Amino acid sequence: MAKKQGTSTSVRDALRVRAGGAIPHAPRDTPVGPSSKVEAAAGLVGTGAELAGLQEALWAEGTFGGGERSVLLVLQGMDTSGKGGTIEHVFGLMNPQGVRVASFKKPTPTEKRNHFLWRIRKQVPAAGLIGVFDRSHYEDVLVVRVDELVPPAKWEPRYDEINEFEAELAAAGTTVVKCFLNISAEEQRERLLARLETPEKQWKYNPSDLDVRAKWGDYEQAYADVLDRCSTEDAPWYAIPADRKWYRNWAIAQILLETLRDLDPKLPEPAYDVAAELKRLKKNDPLLAGAAE
Ligand code: AMP
Ligand code: MG
């Protein structure tokens with residue numbers, strides 16, 4: 001059967017993780033939208049223009065219009081799944097002034113002494129901004145659980161805490177969108193090989209990447225629990241088929257676009273008399289004394 005083409009099917013509907021937490025599509029699938037790199041690139045052009053316009057409106061609304069809304073995109077996935085590539089390609093379409101990227105690494109000693117959400121709260125996007133998390137609070141139930149960095153009694157309650165935290169964000173005007181970049185173990189192998197074999201990519205490789213890779217099954221289990229327990233009405237998870245970079249970029253751009261279309265941000269109304277100001281400039285430009293038109 002021919003699959004649906006174009007964007008008529010909501011990408012959010014197609015990729016959303018529903019009750020039970022099952023991942024709806026395999027890493028190499030292209031369930032909605034383009035089925036080739038060329039098609040995806042063509043689609044991204046129009047999407048980029050519309051995204052940029054909506055982002056500017058959100059920014060203007062939040063910065064000048066007294067609006068309180070913002071968007072937070074959480075990116076999670078195994079090494080090489082494309083968190084950085086998504087930021088480069090999807091956010092490259094927008095005005096950097098309105099975007100805030102936060103990357104969460106191994107916690108510093110100070111961060112470790114604080115509650116796990118402490119460093120996260122500091123990076124929640126202010127009104128008008130689109131925040132992007134490259135890794136996130138979910139590491140505290142992923143790597144922390146797999147590597148047993150704290151005992152189960154400590155990480156177990158975090159799923160509920162995370163749900164409460166995200167509900168709080170939603171109530172305060174932040175639309176939370178979470179994307180799990182779903183790559184296969186085979187594709188990760190190819191990407192790690194490429195990192196090692198390409199001098200310009202070698203800086204991205206870390207010898208510990210192979211130790212993490214060895215725990216693939218444990219991470220699958222930990223991700224399954226995240227998707228099962230933390231895909232909520234307030235803050236849904238989307239599972240992005242991510243073996244093909246062009247599909248990943250297209251899908252995430254589309255999900256953001258659908259989200260911003262729903263928010264429908266409005267450019268603020270001028271707080272001055274436009275006609276009067278035009279008249280002033282045309283008839284009384286202070287630099288063109290006597291210039292009458
Ligand atoms: P990268 O994203 O490749 O720069 O790597 C960042 C590293 O920081 C990854 O190995 C993560 O697992 C690790 N990391 C991020 N957050 C935490 C956390 N809360 N606890 C422990 N390790 C973390
Ligand atoms: Mg890495």
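Remember, it's a predicted structure, so these values are computed and weren't measured experimentally. Counting begins at 1 with the first residue of the sequence. Counting convention: from 1, in listed order, for ligands and their atoms alike.
For ligand 1, the atoms sitting less than 4.0 Å from at least one non-hydrogen atom of Val143 are 12 (O), 20 (N), 21 (C), 22 (N), 23 (C), numbered in the order shown with element in parentheses. With ligand atoms numbered from 1 in the order given, ligand 1 contributes 19 (N) to contacts under 4.0 Å with heavy atoms of Asp140. Ligand-side atoms of ligand 1 in range of Arg119: 16 (N), 17 (C), 18 (C), 19 (N), range being under 4.0 angstrom from any heavy atom.
Between Asp79 and Lys215, none of the side-chain N atoms (NZ, or NE/NH1/NH2) sits under 4.0 Å from a carboxylate O, so this pair counts as no salt bridge.
The CD1 atom of Ile252 lies 13.5 Å from the CG atom of Leu257; values are rounded to the nearest 0.5 Å.
Residue contacts with ligand 1, taken as heavy atom pairs separated by less than 4.0 Å, do not involve Met78 at all. Contacts between Pro107 and ligand 1, counted as non-hydrogen atom pairs separated by less than 4.0 Å, involve the side chain only. For Arg135, every heavy-atom contact with ligand 1 shorter than 4.0 Å involves the side chain, none the backbone. Within the 4.0 Å heavy-atom criterion, the part of Val144 lying near ligand 1 is the side chain and not the backbone.
Here the closest non-hydrogen pair linking Ser10 and Glu258 is OG-OE1, 3.2 Å.
Atom 10 (O) of ligand 1 is not flagged as protein-proximal [any protein heavy atom, distance under 4.0 Å].
For Tyr247 and Trp250, the ring centers are positioned less than 6.0 Å apart.
Judged purely by atom type and a 3.5 angstrom limit, Asp209 uses its side chain to pair as donor or acceptor with the backbone of Asn206. Formation of a donor-acceptor pair under 3.5 Å by the Asn114 side chain with backbone atoms of Arg119 is not found in this model.
The protein non-hydrogen atom at the shortest distance from atom 12 (O) of ligand 1 is Glu139 OE1, 3.2 Å. Among all non-hydrogen protein atoms, the one lying nearest atom 8 (O) of ligand 1 is Lys106 N, 3.1 Å. Atom 4 (O) of ligand 1 has as its closest protein heavy atom Lys105 NZ, 2.5 Å.
Residues in residues 136-160 take part in these ring-ring contact (aromatic ring centres under 6.0 Å, His included) pairs, two or more places apart or across chains: His137-Phe165, Tyr138-Trp237.
Looking at Val32 and Gln254, their side chains never come closer than 4.5 Å, going by heavy atoms from C-beta outward.
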